[in-house]
Amino acid sequence: MLEKLARMLRGANGVSVSEEPVHRHLAMAVLLVETARADFADQGEERDVMRRALVDALGLNPDEAAELVDSAFSHSREAVSLHGFLDTLNRELDADGKRQLLEWLWRVAFADGRVDPQEEARVRQLAELLFLPHSEFVRMRLKVEAEQAAREQD
C-alpha cells in the first residue's frame, strides 16, 4: 500500500512532484499574479500589464504571454507555498534580473492607478524573499510611480 502511494506521488518520470524544477518564466509570472491578487479586486488591468511585461521582457508573443499568465493564475491558486517559485528565481536570476522583476511587480501593483496596502505588503514581502535591499524596493516604487504620474498627465 505504501508503495502504491509512493508511485502516485511520483510523476510518470519517477520524480516527486515537489522535486520537479519550476521554469523561470512561470515563476516570474506567478509572482506577478500574486501581486495582482493581493488586493482581491478584478485583475483585468493587471493581466494586461503582466502580458505586456512578459512580451517585452521575455520576448514572448502575445498568445504565449496570455497562456503563461493563465497558467500562472492556475498555479498561484493551487500553490500551498511560493517556496519553489522563489527558489528557482533566487538560483537563476542575477541582481539585475531581480531588480527588473521588482519593477514589474510594482507595475502590476500600479496597473489600476493606485497601490492598495495589500499590494504594497505583497511587493515588500516578495522583494525581501528575493533578497533585494529595501533601498531597491523604494527606488523601484518611486520610478514606477513617477512613470504612472507622467502617463496620467498626458
Side-chain angles (χ1 to χ4, degrees), residues 15-154:
V15 176
S16 168
V17 173
S18 63
E19 294 173 7
E20 290 181 15
V22 176
H23 190 272
R24 180 172 23 109
H25 293 175
L26 176 60
M28 291 174 165
V30 166
L31 295 192
L32 295 172
V33 166
E34 284 293 312
T35 302
R37 293 180 62 213
D39 64 357
F40 302 104
D42 179 57
Q43 293 101 12
E45 294 150 328
E46 287 96 341
R47 278 182 184 261
D48 292 341
V49 170
M50 286 184 270
R51 286 190 294 263
R52 278 196 310 273
L54 295 170
V55 166
D56 294 344
L58 302 178
L60 302 176
N61 69 45
D63 291 335
E64 292 170 330
E67 185 177 318
L68 183 56
V69 168
D70 290 343
S71 177
F73 267 95
S74 175
H75 279 82
S76 176
R77 280 190 300 272
E78 295 170 5
V80 175
S81 165
L82 296 178
H83 174 75
F85 304 110
L86 290 160
D87 181 58
T88 295
L89 295 173
N90 280 321
R91 278 186 288 105
E92 296 186 17
L93 293 180
D94 60 9
D96 288 336
K98 290 179 182 183
R99 279 191 289 276
Q100 180 67 50
L101 178 56
L102 178 60
E103 184 177 335
W104 299 340
L105 296 173
W106 277 119
R107 289 185 193 287
V108 169
F110 274 102
D112 59 1
R114 67 185 196 299
V115 176
D116 292 317
Q118 300 93 334
E119 290 171 318
E120 181 174 353
R122 177 58 85 183
V123 174
R124 180 186 309 269
Q125 177 190 40
L126 295 173
E128 289 172 359
L129 292 170
L130 290 168
F131 305 109
L132 288 166
H134 185 70
S135 60
E136 287 297 324
F137 168 83
V138 173
R139 189 173 74 77
M140 285 300 165
R141 179 190 173 123
L142 293 174
K143 176 184 177 184
V144 173
E145 193 170 25
E147 291 172 359
Q148 181 79 17
R151 267 193 301 276
E152 289 174 2
Q153 288 180 350
D154 289 341

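In this chain, residues are counted from 1 in sequence order.
Side-chain contact between L105 and L126: present, with at least one pair of heavy atoms (C-beta onward) separated by less than 4.5 Å. Between N61 and V55 there is no side-chain heavy-atom pair separated by less than 4.5 Å. At a threshold of 4.5 Å between non-hydrogen side-chain atoms, the residues H25 and L54 do not count as touching. Taking the side chain as every heavy atom from C-beta outward, E147 and R107 approach each other to under 4.5 Å. Side-chain contact between L31 and L101 is present, with heavy atoms from C-beta onward closer than 4.5 Å.
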M140 vs V123, side-chain contact (heavy atoms from CB on, under 4.5 Å): CA-CA, chis, key distance, verdict: CA-CA 11 Å; M140 285 300 165; V123 174; over 6 Å; no

Let me see the working for D48 and R52 under salt bridge (charged side-chain N to carboxylate O under 4.0 Å, His left out), right down to the final yes or no. CA-CA 6 Å; D48 292 341; R52 278 196 310 273; 5.2 Å; no

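Between the side chain of S74 and the main chain of D70, no donor-acceptor pair closer than 3.5 Å is present. Checking side-chain atoms of D39 against main-chain N and O of A109 turns up no donor-acceptor pair under 3.5 Å. Side-chain atoms of N90 come within 3.5 Å of backbone atoms of L86 as a donor-acceptor pair (strictly under, hydrogens ignored). Between the side chain of D116 and the main chain of Q118, no donor-acceptor pair closer than 3.5 Å is present.
Here the closest heavy-atom approach between residue A27 and residue F85 is recorded as CB-O, 3.6 Å. Across all their heavy atoms, V22 and T88 have their closest contact at O-CG2, 3.0 Å. When all heavy atoms of L132 and K98 are compared, the closest pair comes out as CD1-O, 3.6 Å. Taking all atoms of both residues into account, the shortest heavy-atom contact from L102 to A127 is CD1-CB, 3.9 Å. For the pair R37 and R77, the tightest heavy-atom approach, listed with the atom from each and the gap, is NH1-N, 3.7 Å.
Atom CD of E67 and atom CZ of R51 lie 12.5 Å apart (nearest 0.5 Å). Separating the CG atom in L89 from the CG atom in L26 is a distance of 9.5 Å, to the nearest 0.5 Å. Put simply, CG on L142 and CH2 on W106 are 9.0 Å apart, with the number rounded to the nearest 0.5 Å. We find the CZ-CG distance between F131 and L93 to be 12.5 Å, quoted to the nearest 0.5 Å. We find the CE-CG distance between M50 and L68 to be 10.0 Å, quoted to the nearest 0.5 Å.
Relative to the six-membered ring of F110, R151 misses at least one condition, a distance below 6.0 Å or an angle of at most 45° to the axis.
A salt bridge does not link R122 with E119: every distance from a Lys NZ or Arg NE/NH1/NH2 to an Asp or Glu carboxylate oxygen is 4.0 Å or more. A salt bridge links R124 with E120: at least one charged nitrogen is closer than 4.0 Å to a carboxylate oxygen.
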